[in-house]
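In what follows, a structure is listed as structure tokens, so that the remarks can point back to it.
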2 protein chains.
Amino acid sequence: MKSIFIDEFFDMTSTTTSLKTNPNVSVDCVVFGFDVEGLKVLLIEQRPVGDTLGQLALPGDLVLQNENLDQSAKRVLKELTHLDGLYLKQFQTFGDPDRVSNVKDQEWLRNFRDDPAARVITVAYYSIVKMENYQPEAASFAGKIIWQPVDQVPDLAFDHNKIFDTALTRLREEFELKNIAFELLPEKFTLSQLQRLHEMVLGVDLDKRNFRKKLKMKTGLVALDEKQTGVDHKPAQLFKYKPRKHA
Amino acid sequence: MKSIFIDEFFDMTSTTTSLKTNPNVSVDCVVFGFDVEGLKVLLIEQRPVGDTLGQLALPGDLVLQNENLDQSAKRVLKELTHLDGLYLKQFQTFGDPDRVSNVKDQEWLRNFRDDPAARVITVAYYSIVKMENYQPEAASFAGKIIWQPVDQVPDLAFDHNKIFDTALTRLREEFELKNIAFELLPEKFTLSQLQRLHEMVLGVDLDKRNFRKKLKMKTGLVALDEKQTGVDHKPAQLFKYKPRKHA
DNA sequence: CAAACTAAGTGTATATTATACACTTAGTTG
DNA sequence: CAACTAAGTGTATAATATACACTTAGTTTG
């Protein structure tokens, strides 16, 4: 292995390639969760603190050497929250040199980065899940995990507010085009539940009849021979999605 | 400045942060060009070679320490091709560990990367310009620059074929929504020229009357008091865009 | 200078899609 | 059995998208 002084190493790179340097690269995951109360986002405390909650952030960590970006996002999310098997979509990469400036826990930050002098460029992913199917558990080294309503997101570490806002916009755009509601409802669900999902994600009210009219045109929905049970009103017809595959 | 052996440096990082490493981060630019012949893409030879053309690639280079990603894309494109002032849109980041494997010029590759052991993660941008307004000139250290028709793109270095295909798909999607045809036509242009532009980018034929009907609804187009000159048929009315701003 | 050529320019009818809107029905609860 | 709740259903109207062909203005050619 080459053996040179590290300051020489830096000099060498800076002479041959000017100011080029190796940044840290991370992935961050914006996981939206859906339940009866509405649309929420998964946030973590960067590490355990006492009684008051530490600064919150999106779950994220550095990319490892031999994994691709999609794999990295899956792994990081699983390590931090034990969530697995969800569909994560890459949507944008954030690389402002000072995006690290809003981290209050400087000790945590020094530990997070390989090289304290390096900046961190982050590749951002989003996903949306049904909360009751995906109950996160904090990793031992991490702090608390919370589901925060999307209209009450506090000041986050790094530029994570910007990342979150971008993700929500993109989620809504995608949602109007193709349904990415794979995991958002019980296996068997009613059309009203599906409509409420759309209303919550898009943040609008929809007309029941028009909503159902559009559904009829789209494929992918299968009526079952079953009815809803345990409700104090006329039970609704149950449906399921035609099975689809994800990597 | 810290002064330690570089192999120790690598060991240190690998013990404190497991397999984490600092990849190289680059930007790549997919610049589409439009002229009477159709839609083309800007490719460069990685460095000058003799009579036969070396392997082609999208223009790209490593990100510098104190620039954000958008700035980096602008700078790199300018350094390699002297193209400046175009609107570059980030669309996806590519980070497969082996995306470097299709580079035939290994010597060039060693020189390109800071650290030969590191992988290269690249943030990809696209743009579209009117070719006659933007005539690229190769940098002294680079090889030839060519405009290649989008349906005749050869085997490119890295995973640049994949990046190119993704860019073309995204360009077409964007183009149908909002017009990003800021720079694609002469300052004064006819509606037929505008229609041909759309047909070339989207790869379809459009109906003249319906095309114009839709145009009327959209703002941003201003009829001039002038007519086309120097054509061997009925001269067309000239139009211009309402001025718009880019960063 | 007339005929032939070229692309410009223009409107209507039809089909598709989006929206607005209110009552009846089936089951549950008290 | 009366009251309650959400399920379920259709039609009329508006907006948008598509299909389609002839006349016009200027240029070139014989």
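Just so it is clear, the values below take in all heavy atoms, side chains as well, and ignore hydrogens, waters and symmetry mates. By convention in this document, chain letters (A, B, ...) are assigned in the order of the sequence lines, proteins followed by strands, and residues within each chain are numbered from 1. In this text the structure is predicted, and so the values were computed from the model without any measurement.
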Separation of atom CE in Met217(A) from atom P in dT16(C), rounded to whole Å: 12 Å
With distance as the sole criterion, do the side chain of Lys234(B) and the base of dG9(C) form a donor-acceptor contact below 3.5 Å? no
Whole-Å distance between dT5(D) P and Lys227(A) NZ? 20 Å
Can you confirm whether Arg99(A) sits close enough to Val120(A) that some side-chain heavy atom of one is under 4.5 Å from a side-chain heavy atom of the other? yes
Nucleotide opposite dC23(C) in a Watson-Crick or G-U pair, distances under 3.5 Å: dG8(D)
Lys208(A) NZ to dA18(C) P: how many Å, rounded? 21 Å
Report the relative orientation of the aromatic rings in Phe32(B) and Tyr126(B); use parallel for angles under 30°, tilted for 30 to 60°, perpendicular for over 60°. perpendicular
Give the rounded distance in Å between these two atoms: CG of Leu191(B) and P of dG9(C). 6 Å
Expressed in angstrom and rounded to an integer, what is the separation of Lys213(B) atom NZ from dC20(D) atom P? 13 Å
Separation of Leu238(B) atom CG from dG9(C) atom C1', in whole Å? 14 Å
So, OP1 or OP2 of dG9(C): does either fall under 4.0 Å of a side-chain N or O from Arg212(B)? yes
Going by an N to O cut-off under 4.0 Å, is there a salt bridge joining Arg75(B) and Glu79(B)? yes
Ser192(A) vs dA6(D): side-chain N/O to OP1/OP2 distance below 4.0 Å: no
Within this structure, what is the CD-to-C1' distance between Gln193(B) and dA7(C), rounded to whole angstrom? 12 Å
Among dC21(C), dG26(D), dA7(D), the one nearest His233(B) by side-chain distance: dG26(D)
Mapping Pro235(A) and Asp207(A) to their closest nucleotides on DNA chain D, which lands nearer the 5' end? Pro235(A)
Please state how far atom CZ in Phe211(A) lies from atom C1' in dT9(D), giving the value in whole angstrom units. 16 Å
Give one of base, sugar-phosphate or nothing for Gln228(B), where a contact means two heavy atoms less than 4.0 Å apart. nothing
Rounded at 0.5 Å granularity, tell me how far CD in Glu137(A) sits from CG in Leu80(A). 13.0 Å
Where each residue is assigned the nucleotide of DNA chain C containing its nearest heavy atom, which of Arg209(B) and Asp232(B) is assigned the position nearer the 5′ end? Asp232(B)
Whether the side chain of Asn161(A) engages the backbone of Leu156(A) through a donor-acceptor N/O pair (distance < 3.5 Å, no angle test) should be reported. yes
Out of dT18(D), dC20(D), dC21(C), minimum distance to the side chain of Asn210(A) belongs to dC21(C)
